[in-house]
Amino acid sequence: MPSSFKILGSGAGPGAPSFFCDCPGCREARDNPASARTRSGALITTEQGNVLVDAPPDLRAQLIRERVTRIDNVLLTHWHYDHFGGLGELEYYVKLERKEPIPLFLPPSARAQFAAAFPNLSEVFRVFSWAFNLEYRFGDLGITPLPAEHGVETAGFLVKSPTKSLAYFPDTAGLSTATARILEGVHWLVCDATFYGENWYPNSHMSVEQAIELGREVKARHTVLTHLAVHYSQPATSRELAAAVAPHQGVSVAHDGMVIEL
Ligand SMILES: [Zn+2]
Ligand SMILES: [Zn+2]
Ligand SMILES: [Zn+2]
C-alpha cells in the first residue's frame, strides 16, 4: 500500500459551522455537512504505521469519520489550541488498546506548556522536541520540520516519499527565503489560506490569494488551500470559494477527508 496524506480537518480555529454564527459560510456548512470544516490536522499513513500531524479539538470525530484505528506517532506544528486541543482524545486509546506511550514530537518551546496543560497525560505520551531542518524517518517517508512564520515557534513539515514531496504549512504568513528555497518544485504545497480577500492577521496567516501566489513562487505542482476561516470581511461560501479558485491551474481547495497519494 502506498503512503498517503489525508486531511483530517481543513478549517481554522473557529471551525465551520461555528456554533455561535449564522453567516453564509456557516449556514452552508450546517445545511450540507460535506462543506463543514473541522479544525486543521492530517494523518500520514506509511507501511510502518500512522503519523498524526496535530491534534485538533475535533480529533475523536475525525478519527471515527475516517475509520482510523491506530496512531503510532504524533507531530505538532505548534502550540495553539486548534492544533493541540485534541491530545487528550488519545488517552483511552493508549490506556485500553495500545498499552504503551505514543511518541509525541513537540516544538522545543512547547514542552513546558504541554507539561503545564496536561499533567494527566504524562504516561500517555513519550515527549520529544523536534528540531528544525532535521529529517525524521517513518517507514519509507522522511519528515522534516521547517520554520514557518506564525509568531510562536511553528513548523511546517516537508514529507518526502521515494517519488513525491509534500509540504504541509497550515499556519504561516508566507515563508522565509530559506524555507521557500527548500520547497522549490515541491509536488504538493498544502498551505495556510485562512482568509479570502482581506487578511485579518497578515503577520500570522495568509489569504487565499497570497497562498496561490506562494505556490507559484515556489513552483509547486499543486497548491492545496487549507486552514480556511470561512469568516471573511466579505462573506463567501465554500461553493463561491471553489468557483473563485477554479481558474487557477493546479490549485484546489482542501476539504475534510481529502487524500493525497505520496
Ligand atoms: Zn491554526
Ligand atoms: Zn460563520
Ligand atoms: Zn496557529
Side-chain angles (χ1 to χ4, degrees), residues 7-43 52-59 62 74-87 105-110 113-114 117 130 132 145-157 167-176 179 189-208 210-211 214 224-241 253-256:
I7 293 179
L8 294 177
S10 59
S18 299
F19 74 87
F20 52 84
C21 183
D22 195 37
C23 75
C26 284
R27 238 177 292 147
E28 178 194 43
R30 221 172 262 122
D31 294 344
N32 174 18
S35 46
R37 296 188 188 281
T38 56
R39 270 65 65 82
S40 289
L43 186 79
L52 178 68
V53 180
D54 287 334
D58 303 301
L59 186 62
Q62 292 168 331
V74 181
L75 308 183
L76 288 204
T77 55
H78 66 301
W79 195 255
H80 275 167
Y81 178 75
D82 54 326
H83 299 261
F84 75 71
L87 282 173
F105 294 81
L106 294 176
S109 63
Q113 287 164 295
F114 169 79
W130 49 242
F132 283 128
L146 296 172
E149 309 294 312
H150 191 51
V152 301
E153 186 174 50
T154 302
F157 293 114
Y168 181 58
F169 281 75
D171 292 56
T172 196
L175 295 175
S176 69
T179 301
L189 174 67
V190 182
C191 92
D192 184 327
T194 304
F195 295 102
Y196 178 51
E198 188 188 354
N199 185 343
W200 298 357
Y201 301 109
N203 296 323
S204 41
H205 290 294
M206 281 191 286
S207 66
V208 165
Q210 291 169 323
L214 182 67
V224 178
L225 310 175
T226 195
H227 201 276
L228 300 146
V230 181
H231 302 104
Y232 309 120
S233 297
Q234 196 72 38
T237 61
S238 267
R239 185 194 297 247
E240 287 163 343
L241 210 57
V253 180
H255 58 85
D256 290 18

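Every number for a ligand or one of its atoms is a count from 1 in the order of the listing. What you are looking at is a predicted structure, and each value in this text was computed from that prediction instead of being measured.
Taking the six-membered ring where tryptophan is involved, the planes of His83 and His78 are tilted, since the angle between them lies from 30° to 60°.
Proximity of Leu225 to Tyr196: side-chain heavy atoms (C-beta onward) are nowhere separated by under 4.5 Å.
Considering the Zn ion (ligand 2) as centre, the angle to SG of Cys26 and to NE2 of His231 is 90° (10° rounding).
Side chains of Asp171 and His80: a donor-acceptor N/O pair is absent below 3.5 angstrom, by distance only.
The tally of protein N/O/S atoms under 2.8 Å from the Zn ion (ligand 1) stands at 4.
Heavy-atom neighbours of Phe20 CZ from other residues, nucleotides or ligands within 6.0 Å: above the threshold of 12. In Phe132, the CZ atom is crowded: over 12 heavy atoms of neighbouring residues, nucleotides or ligands sit closer than 6.0 Å.
If you look at His150 and ask which of its N, O or S atoms sits nearest the Zn ion (ligand 3), the answer is NE2.
The CG atom of Asn32 sits 9.0 Å away from atom OG of Ser238, with the distance rounded to the nearest 0.5 Å.
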(Q) Walk me through whether Asp22 and Arg27 qualify under salt bridge (charged side-chain N to carboxylate O under 4.0 Å, His left out). (A) CA-CA 6 Å; Asp22 195 37; Arg27 238 177 292 147; 3.5 Å; yes
